[in-house]
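Below: one structure, written as structure tokens.
When reading the values below, keep in mind they use all heavy atoms of this one structure, side chains included, and skip hydrogens, waters and symmetry mates. Both counts, for ligands and for their atoms, begin at 1 and track the order of listing.
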Amino acid sequence: MIVALAGGVGGAKLAHGLARILSPDDLLVAVNTGDDFEHLGLHIAPDLDSVMYKLAGLNDAVRGWGLADESWAFMDALARLGGEDWFSLGDRDLATHVERTRRLVAGETLSQATAALAAALGVAHRIAPMSDDPVRTWVETPEGALPFQHYFVRLRCEPVVTGFAFEGADRAVPAPALAAALADPALEAIVLCPSNPFVSIGPMLAMPALADALAARRVPLVAVSPILGGAAVKGPAAKMMAELGVPVSSAGIAAQYGALLDGIVIDAADAADVAGIEAGGVRVLAAPTLMRDAGDERALAEAVLGFARGIERRAP
Ligand code: GDP
């Protein structure tokens, strides 16, 4: 059994590859909720939705977020009313947020609401939020701290980043499915998907209870680098690394995760980084890591599993 920790798009692609080769009981995808927010009275969970839509085969691969075959009548009508239209919600996507919010208001946990939505969309594999407790990412900038979606969507990641805060993380505990999977004797490995290390994996590691569970693991933990050839495939990961003084490379990703890693999968184009990372005691696999289609996703998932199963947990 494998636990994959994932953010949005990069995480969803590897999760999809893993789901192609692991049975539903053998995979748990635990997803970042640090960029969840309340908007128009709705609970929006962008990374959970990216993973759920991808595993359901309903995602829009061109736009990179939301549902395929989407329409925008709601946004057009909202804009006409002078409503808050900086965060786009497609008509079909809107139903997800309304139904999630209805379930939460009725007393379900985010885990329960997520499981119900995923099942309704035909997802067989298990998807869980990282936690049922609210964790909210703030992006620190010279002009002050910004809620994550204001930085990411409203300001298009333009402000310089000086750090992050994860409100509520100190009190948050891993979701029940994640805690159980990490304690399961059948657990073989933990995979950090190619996701933003600061704002997708960072909020998870900021939960002391999850950090402790990861530190107590007996199985190897391997990351897949989201940086290829000195650049991110998409999103602000490389910009954030540069602004924070972290080398924009797979070696920088390895350094960012530090002692947590037993192994890292980096792109074959970055093979020059192998020796430097291995000198720090982390095992490295250099392999093609760009996932352009389902074949790439599956091939990378197979490489990651083969690598993780062939290495051991470093002595803590
Ligand atoms: P977000 O919430 O949609 O930004 O999603 P994530 O945090 O999961 O993913 C963002 C990261 O995924 C970026 O840093 C990208 O470089 C990385 N990424 C996206 N697609 C790929 C891919 O095909 N291969 C690899 N190695 N990284 C990817």
Side-chain angles (χ1 to χ4, degrees), residues 4-18 29-37 44-55 59-66 87-88 127 129-130 135 137 139 148-149 151-153 156-157 161 164 191-205 222-244 246 248-254 256-257 264-271 273 284-304 307:
L5 303 182
V9 175
K13 288 197 278 183
L14 185 61
H16 189 243
L18 290 167
V29 188
V31 181
N32 171 46
T33 55
D35 52 13
D36 285 18
F37 72 131
I44 316 269
D47 286 355
L48 275 172
D49 289 346
S50 291
V51 172
M52 181 171 74
Y53 293 158
K54 176 79 183 176
L55 293 193
N59 63 298
D60 189 303
V62 177
R63 197 183 326 112
W65 52 270
F87 191 87
S88 296
I127 305 171
M130 65 184 198
V135 176
T137 298
V139 181
F148 179 76
Q149 296 298 346
Y151 162 82
F152 191 70
V153 178
R156 297 175 300 279
C157 307
V161 171
F164 305 94
V191 177
L192 302 187
C193 290
S195 293
N196 187 306
F198 306 108
V199 296
S200 289
I201 305 297
M204 304 195 201
L205 304 180
V222 302
V224 180
S225 176
I227 297 293
L228 285 78
V233 177
K234 64 169 272 295
K239 179 174 181 282
M240 288 175 171
M241 292 172 87
E243 289 167 356
L244 293 168
V246 178
V248 186
S249 63
S250 290
I253 294 290
Q256 181 63 27
Y257 288 131
I264 185 166
V265 180
I266 70 171
D267 197 76
D270 295 330
D273 282 5
V284 184
L285 174 69
T289 66
L290 183 62
M291 295 172 281
R292 291 155 303 194
D293 56 30
D296 290 345
E297 291 162 0
R298 184 184 174 126
L300 181 56
E302 275 170 352
V304 170
F307 175 60

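The 4.0 Å heavy-atom shell around ligand 1 contains residues Gly7, Gly8, Val9, Gly10, Gly11, Lys13, Asp47, Pro194, Ser195, Asn196, Ser200, Ser225, Pro226, Leu228, Ala232, Val233, Lys234, Ala237, Thr289, Leu290, Met291, ordered by chain and number.
Side chain of Asp273 to backbone of Ala251: a donor-acceptor contact under 3.5 angstrom is found. Panel note: side chain Lys54, backbone Ala12; no donor-acceptor pair is recorded below 3.5 Å. Between the side chain of Ser200 and the backbone N or O of Gly7 there is no donor-acceptor pair closer than 3.5 Å.
Between Phe152 and Phe148, the ring-plane angle classifies as parallel under the 30° and 60° cut-offs. Taking the six-membered ring where the residue is Trp, Phe87 and Phe37 present perpendicular rings, their angle passing 60° and hence far from 30°.
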For residues 228-240, which side-chain donor-acceptor pairs fall under 3.5 Å, sequence neighbours excluded?
{"residue": "Lys239", "atom": "NZ", "partner": "Cys157", "partner atom": "O", "Å": "2.6"}
{"residue": "Lys239", "atom": "NZ", "partner": "Glu158", "partner atom": "O", "Å": "3.3"}
{"residue": "Lys239", "atom": "NZ", "partner": "Pro159", "partner atom": "O", "Å": "3.1"}
{"residue": "Lys239", "atom": "NZ", "partner": "Glu243", "partner atom": "OE2", "Å": "2.9"}

